[in-house]
Amino acid sequence: MRITALAGGVGGARFLRGLKAHLDVVAPESELTIIANTGDDISLFGLRVCPDIDTLLYTLGGGIDEAQGWGRADESTRVQGELAAYGAVPQWFTLGDLDLGTHIVRSQWLAQGLTASEVTGRLAARWGLPGRGIRLLPMTDVPVETHVVLDEGDGAGEKAVHFQEWWVRMRAEVPATRFVVAGLDRAAAAPGVLEALRSADVVVLPPSNPVVSIGIILGVPGVRDALRGSRAPVVGVSPLISGRPVRGHADACLSAIGVSSTASAVAELYADFLDGWLVDPADADVRVRGVETAVHPEPLLMTDVDAAARMAKSLLALADRVRG
Ligand code: GDP
Ligand code: CA
């Protein structure tokens with residue numbers, strides 16, 4: 001079985017780790033291709049940082065800080081302390097010492113002329129992903145950056161900041177009026193991305209942020225069309241339960257694009273290609289035209305790998321059902 005997934009960071013990585021654990025039991029020969037959001041990428045201190053790819057690498061590779069959901073386990077921040085002593089900015093983005101190793105080697109390889117796909121392939125090899133049937137692809141090799149246009153409400157006109165500054169420093173508390181993704185309209189899908197969507201037996205949308213993770217990947221030219229034309233069932237997991245994101249600020253992102261924060265409104269965003277939608281028992285009344293809904297038999301929460309694996313099992317059962 002060939003499974004292709006679109007993914008952001010923590011929500012995507014935790015779900016896909018559960019999916020992989022489930023597949024290891026029921027279909028160990030399966031191949032999982034992950035198309036990662038790179039709109040969150042940022043250059044800091046001369047280093048290229050790809051937060052969603054790094055979260056996927058560390059989570060699937062067994063190096064993640066479990067409690068936090070991102071960054072390395074047993075991490076220290078001695079380098080960042082030195083940078084602060086020099087007055088170097090920004091200081092709002094945490095860069096752990098082990099994590100910096102990833103950013104340094106990525107930046108070196110990019111400077112040597114490797115593409116983002118090639119670099120991601122090398123990083124994934126270190127974390128043992130290819131040997132376990134997991135292929136990790138950036139959505140595009142072109143640098144793309146999500147910016148957030150802010151409504152500061154003082155008549156001062158529009159101001160845009162990098163997505164990370166809004167998300168991390170401002171904690172998404174300053175209302176956003178829209179997202180502008182620099183470079184996206186000209187960003188060709190990375191090698192293998194469209195092919196992985198076209199040749200999949202199942203396409204899965206983990207409960208990643210519908211606007212700034214999945215929404216960005218859908219904006220890569222050709223991706224949405226490949227999903228619309230897909231023979232395979234496209235099935236997704238709701239990132240919202242009872243009108244609230246499980247973690248993060250998806251509600252602030254949805255309100256910026258004029259969409260309400262409900263499991264059904266998120267499914268509507270995908271309705272042109274979505275076949276099945278897995279929701280929490282609290283959202284059992286969700287109905288979306290043209291989309292088959294399934295209610296997970298327990299809370300739709302990835303409290304641990306097993307819980308995520310059971311979500312994946314429900315999602316694949318739904319895929320079988322819509323396949324007919
Ligand atoms: P990010 O890039 O690190 O923000 O991660 P993603 O975009 O991949 O995922 C973020 C989304 O995952 C948020 O909107 C959360 O609501 C959702 N999420 C996180 N944990 C859970 C969970 O346990 N269950 C469900 N249903 N959604 C979750
Ligand atoms: Ca992200």
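All ligand and atom numbering here is 1-based and tracks the order in the structure. Owing to the predicted nature of the structure, the values given are computational and were not obtained by experimental measurement. We use all heavy atoms of the structure for the numbers below, so side chains are in, but hydrogens, waters and symmetry mates are not.
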Residues [X], [Y]: salt bridge by 4.0 Å N-O rule:
{"X": "Glu29", "Y": "Arg2", "answer": "no"}
{"X": "Glu66", "Y": "Arg17", "answer": "yes"}
{"X": "Arg224", "Y": "Asp272", "answer": "yes"}
{"X": "Arg106", "Y": "Asp54", "answer": "yes"}

Original post:
Can an N or O of Gly9 be found at a distance shorter than 3.5 Å from an N or O of ligand 1?
Top reply: yes
Rounded to the nearest 0.5 Å, how far does [atom2] of [Y] lie from [atom1] of [X]?
{"X": "Leu227", "Y": "Leu6", "atom1": "CG", "atom2": "CG", "result": "6.0 Å"}
{"X": "Met311", "Y": "Leu278", "atom1": "CE", "atom2": "CG", "result": "6.5 Å"}
{"X": "Lys20", "Y": "Leu60", "atom1": "NZ", "atom2": "CG", "result": "9.5 Å"}
{"X": "Leu218", "Y": "Leu269", "atom1": "CG", "atom2": "CG", "result": "9.0 Å"}
{"X": "Thr55", "Y": "Leu16", "atom1": "OG1", "atom2": "CG", "result": "12.0 Å"}

**OP:** Sort by chain and number the protein N/O/S atoms that are closer than 3.0 Å to the Ca ion (ligand 2), and list them.
**Re:** Asp40 OD2, Asp52 OD1, Asp52 OD2
Subject >> Exercise: do Asp99 and Tyr58 side chains pair donor with acceptor under 3.5 Å >> reply: yes
Original post:
Any chance the side chains of Arg48 and Ser107 put a donor and an acceptor closer than 3.5 Å?
Top reply: no
Only heavy atoms of [X], strictly under 4.0 Å: list the atoms of ligand 1 that pass.
{"X": "Asn209", "value": "6 (P), 7 (O), 9 (O), 10 (C), 11 (C)"}
{"X": "Leu301", "value": "23 (O), 24 (N)"}
{"X": "Asp52", "value": "2 (O)"}
{"X": "Gly11", "value": "5 (O), 6 (P), 8 (O), 9 (O), 12 (O)"}
{"X": "Gly12", "value": "8 (O)"}
{"X": "Ser213", "value": "2 (O), 6 (P), 7 (O)"}
{"X": "Pro245", "value": "16 (O)"}

**OP:** Run the contact test for Thr55 against ligand 1 with a 4.0 Å cut-off on heavy atoms, strictly below, and give the result.
**Re:** no
Tell me: protein heavy atom nearest [atom], and distance?
{"atom": "atom 8 (O) of ligand 1", "value": "Ser208 OG, 2.6 Å"}
{"atom": "atom 17 (C) of ligand 1", "value": "Pro207 O, 3.1 Å"}
{"atom": "atom 14 (O) of ligand 1", "value": "Ala250 CB, 3.5 Å"}
{"atom": "atom 5 (O) of ligand 1", "value": "Val10 N, 3.0 Å"}
{"atom": "atom 19 (C) of ligand 1", "value": "Arg247 CG, 3.4 Å"}
{"atom": "atom 28 (C) of ligand 1", "value": "Val246 CB, 3.5 Å"}
{"atom": "atom 24 (N) of ligand 1", "value": "Leu300 O, 2.7 Å"}
{"atom": "atom 23 (O) of ligand 1", "value": "Met302 N, 2.7 Å"}

**OP:** Would you check if the distance from the ring center of Phe93 to the ring center of Trp167 is below 6.0 Å?
**Re:** no
Original post:
Taking everything shown except Arg78 itself, do over 12 heavy atoms lie less than 6.0 Å from its CZ?
Top reply: no
**OP:** May I ask you to check whether over 12 heavy atoms, not counting those of Asp185, lie within 6.0 Å of atom CG?
**Re:** yes
Original post:
With respect to atom 26 (N) of ligand 1, which of Pro239, Ser238, Cys253 exhibits the smallest heavy-atom separation?
Top reply: Ser238
**OP:** Examine distances only and state if a side-chain atom of Trp166 and a backbone atom of Val174 form a donor-acceptor pair shorter than 3.5 Å.
**Re:** yes
